[in-house]
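Here's the structure, in structure tokens; my notes come after.
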Amino acid sequence: GENVEQHPSTLSVQEGDSAVIKCTYSDSASNYFPWYKQELGKGPQLIIDIRSNVGEKKDQRIAVTLNKTAKHFSLHITETQPEDSAVYFCAAQTGANNLFFGTGTRLTVIP
Amino acid sequence: DVKVTQSSRYLVKRTGEKVFLECVQDMDHENMFWYRQDPGLGLRLIYFSYDVKMKEKGDIPEGYSVSREKKERFSLILESASTNQTSMYLCASSLGLAGPYEQYFGPGTRLTVT
């Protein structure tokens, strides 16, 4: 099955700096790559996603890039704010339902 | 907004007890999922269901069963709870099979088995 690796496991940045989280996947058939944010005491919530026919997608301060040849994708958060502090999960999906998650990155934004 | 609710936020059960975790979604979604979340392991799929009375095993189904008698409700059952099932359990739902579609998560149930 699919194997998704995520790095780093923890990340601390100063408010206003950028944060980058990287993931790799193993199954070349994966075609959907969502990113979820999990705040304390809550379930994960989708923040951005990208499909395999697109190389980059932006939504305000958040962007995701995908390199299908190298089988890696990354989340970029610019101008970080304290409310960005959370655990972030990448995931890769093959087929209609098989979503495989990375192990998570705990991001801390220091005011 | 899609709402996925789980019956309990915290549960404490004894080894050997039968445990029911309930999940309800209000958006008429076809698919429902049960994951467990453990530190350093991310989210791992236990079971999913793509229709009423239909179910498929995920990556870690051992020790668990599920029930989906109504479209909006998906139950996770621990037939005989063990300490290694102490974990956070997350339910999710999404639109039908012609995906992929965003999965919407509930707030989770933290289960402790003593």
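Chain letters run A, B, ... following the sequence lines, proteins first and then strands; every chain starts at 1. What you see is a predicted model; the values in this text were computed from it and never measured. These values consider heavy atoms only, across backbone and side chains, with no hydrogens, waters or symmetry-generated copies.
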Exercise. Can Q93(A) and Y101(B) be said to form a side-chain contact (heavy atoms from CB on, under 4.5 Å), step by step?
Worked result: CA-CA 10 Å; Q93(A) 185 159 334; Y101(B) 297 110; over 6 Å; no

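The interface of residues 37-51 of chain A with chain B, defined by heavy-atom distances below 4.5 Å, comprises Q38(A), G41(A), K42(A), G43(A), P44(A), L46(A), R51(A).
Neither the backbone nor the side chain of R110(B) comes within contact range of chain A; no heavy atoms are under 4.5 Å apart. At a 4.5 Å heavy-atom cutoff, the contact between Q103(B) and chain A is made by backbone and side-chain atoms alike. Proximity to chain A (any heavy atom under 4.5 Å) is shown, for L43(B), by both the backbone and the side chain. Neither the backbone nor the side chain of D38(B) comes within contact range of chain A; no heavy atoms are under 4.5 Å apart.
In the displayed structure, E79(A) atom CD is contacted under 6.0 Å by at most 12 heavy atoms of other residues, nucleotides or ligands. Within a 6.0 Å sphere centred on CD of E83(A), heavy atoms belonging to other residues, nucleotides or ligands number more than 12. A 6.0 Å sphere centred on NZ of K68(A) holds more than 12 heavy atoms belonging to other residues, nucleotides or ligands.
Here F89(A) contributes atom CZ and Q37(B) contributes atom CD; the two are 4.5 Å apart, rounded to the nearest 0.5 Å. Once rounded to the nearest 0.5 Å, the distance linking CG of D59(B) with CZ of F101(A) reads 11.0 Å. The CZ atom of R44(B) sits 11.5 Å away from atom OG1 of T103(A), with the distance rounded to the nearest 0.5 Å.
L76(B) and L45(B) fall into different hydrophobic clusters, defined by Ile, Leu, Val, Met, Phe, Trp and Tyr side-chain heavy atoms under 4.5 Å apart, directly or through other members. One hydrophobic cluster, built from ILVMFWY side chains closer than 4.5 Å, cannot hold both Y47(B) and F100(A); they sit in different ones. Clustering ILVMFWY residues whenever any of their side-chain heavy atoms sit less than 4.5 angstrom apart, transitively, puts I62(A) in the very cluster that holds V13(A). Residues I60(B) and L21(B) share a single hydrophobic cluster, defined by chaining ILVMFWY side chains whose heavy atoms lie under 4.5 Å apart. No path of Ile, Leu, Val, Met, Phe, Trp and Tyr side chains, each step under 4.5 Å between heavy atoms, connects L99(A) with I46(B), placing them in separate hydrophobic clusters.
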